[in-house]
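Let me begin by presenting the structure, written as structure tokens, before commenting on it.
Note on naming: letters A, B, ... go to the chains in the order of the sequence lines (proteins, then strands), and numbering restarts at 1 for each one. Values reported hereafter were calculated over all heavy atoms of this structure, with side chains retained and with hydrogens, waters and symmetry mates removed. Quantities reported herein were computed from a predicted structural model and do not represent experimental measurements.
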Amino acid sequence: MIELDTHPSGAAVLRVDGRLTMVDAPALRAAVGEAVAGAATTVVVDLSGCEFMDSSGLGAVIAGLKAARQAGGDLRIAAPSPQVLTVLQLTNLERVLRPFASVAEAIDVG
Amino acid sequence: MSAELTLQAPGVPASLDLVHGLLQRAWEQHPDVVADDRMRFEIAVVEIAGNVVEHAGDPDPIEFELALRVEPDRVEARFQDPGQRVEVDFSSVTMPGELAESGRGVALALLTADEVAYRHDGNLNHWLVVRRRAA
């Protein structure tokens with residue numbers, strides 16, 4: 001399940017609950033689109049409640065990163081589980097999707 | 001000798017939740033499988049399940065079967081579906097570039113399993129995923 005929230009700083013926070021697989025990947029893509037259309041330049045994907053991510057979920061995050069960059073902004077991920085970190089390492093995406101410890105840290109980077 | 005856990009499900013994305021559920025049951029029955037083996041096997045199995053669902057649903061969803069087996073030295077998943085033959089060449093599978101939005105599934109499965117095999121036999125696709133358990 002994906003929930004979209006706006007942080008007082010103007011950043012959009014997308015909270016992923018449960019698993020992010022082929023099932024929920026389209027919803028994440030749509031939510032990032034909605035956030036970017038709503039003028040949010042910083043999009044934070046809060047993964048603290050995400051227990052499992054597959055390559056489809058990762059593809060949706062990358063699509064979101066590209067959409068945010070195209071709008072002149074950025075997409076950051078926060079609080080990934082060990083499983084998500086493993087997937088990021090194995091796919092060589094730790095640099096392009098640098099994980100932040102919390103949503104607050106991801107927003108504070110500016 | 002361990003019992004086999006099986007499921008039969010339609011080749012649609014929602015069936016991935018059933019695959020996770022079956023893995024959960026396997027771990028409940030075999031709490032001795034260590035967390036790292038569970039996590040990496042689950043990554044590989046779900047990637048192959050995603051592949052099966054993607055191809056099995058073309059053009060109409062068809063049923064696939066999954067059998068899980070936990071042995072003292074390995075965990076094993078076998079998929080079977082009557083979908084179209086899949087063209088896959090494991091020797092040429094590479095991880096796509098950073099900004100690719102797809103194409104990581106089989107590469108990820110190969111990195112997290114010790115063995116991934118595919119064959120098309122008569123009218124059926126067969127996938128095998130094996131992870132050797134930590135000693």
Side-chain angles (χ1 to χ4, degrees), chain A residues 1-2 16-33 45 47 49-71 73-77 80-99, chain B residues 9-24 27 34-58 61 64 77 93-114 116 129 131:
Chain A
M1 206 178 73
I2 318 284
V16 178
D17 263 319
R19 291 184 285 263
L20 184 56
T21 63
M22 199 183 267
V23 181
D24 283 296
L28 181 70
R29 283 175 191 251
V32 175
V45 181
L47 295 169
C50 177
E51 64 202 45
F52 187 93
M53 186 191 284
D54 74 356
S55 63
S56 298
L58 187 60
V61 175
I62 293 291
L65 173 70
K66 286 156 71 173
R69 283 181 176 177
Q70 230 160 31
D74 196 13
L75 179 145
R76 297 164 192 160
I77 59 167
S81 70
Q83 190 273 340
V84 173
L85 284 174
T86 301
V87 168
L88 290 175
Q89 281 162 6
L90 294 173
T91 54
N92 311 316
L93 288 172
E94 275 175 305
R95 198 181 54 82
V96 72
L97 286 173
R98 181 157 69 96
Chain B
V12 296
S15 293
L16 288 189
D17 290 338
L18 302 176
V19 172
H20 282 283
L22 197 70
L23 285 159
Q24 188 56 43
W27 308 144
V34 300
D36 192 61
D37 281 339
R38 293 179 188 204
M39 179 186 76
R40 287 172 196 269
F41 182 65
E42 189 151 2
I43 291 171
V45 169
V46 171
E47 292 302 338
I48 298 304
N51 207 301
V52 166
V53 162
E54 217 169 287
H55 291 94
D58 187 19
F64 71 94
V93 171
T94 53
M95 196 60 76
E98 288 178 341
L99 295 181
E101 292 176 30
S102 62
R104 295 185 179 87
V106 174
L108 202 45
L110 290 172
L111 287 171
T112 47
D114 289 295
V116 178
V129 180
R131 181 168 174 89

Side-chain donor-acceptor pairs of residues 57-68 of chain A under 3.5 Å, sequence neighbours excluded:
| from | atom 1 | to | atom 2 | distance (Å) |
| --- | --- | --- | --- | --- |
| A/K66 | NZ | B/L99 | O | 2.9 |
| A/K66 | NZ | B/E101 | OE2 | 2.9 |

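Pairs of residues two or more places apart, or lying in two chains, that qualify as salt bridge (charged side-chain N to carboxylate O under 4.0 Å, His left out) and include a residue from residues 85-98 of chain A are A/R95-B/E98. Applying the side chain to side chain donor-acceptor pair (under 3.5 Å) definition to pairs two or more places apart or across chains, none involves residues 103-114 of chain B.
The existence of a salt bridge linking B/D17 and A/R19 is confirmed by a sub-4.0 Å separation between a basic side-chain nitrogen and an acidic carboxylate oxygen.
With a 4.5 Å cut-off on non-hydrogen atoms, A/T86 touches chain B through its side chain but not through its backbone. Of the two parts of B/D36, neither the backbone nor the side chain holds a non-hydrogen atom closer than 4.5 Å to a non-hydrogen atom of chain A. Contact annotation for A/L90: both backbone and side-chain heavy atoms come within less than 4.5 Å of a heavy atom of chain B. Neither the backbone nor the side chain of B/A35 comes within contact range of chain A, judged by heavy atoms closer than 4.5 Å.
Contacts from residues 37-44 of chain B to chain A, taken as heavy-atom pairs separated by less than 4.5 Å, involve B/M39, B/R40, B/E42, B/I43 in sequence order.
Between the side chain of A/S81 and the main chain of A/V84, a donor-acceptor pair closer than 3.5 Å is present. At distances below 3.5 Å, not a single donor-acceptor pair connects side-chain atoms of A/S56 with backbone N or O atoms of A/A25.
The shortest non-hydrogen separation linking A/I2 to A/A27 is CG1-CB, 3.8 Å. Heavy atoms only, all atoms of each residue included: B/S15 and B/F64 are closest at CB-CE2, 3.8 Å.
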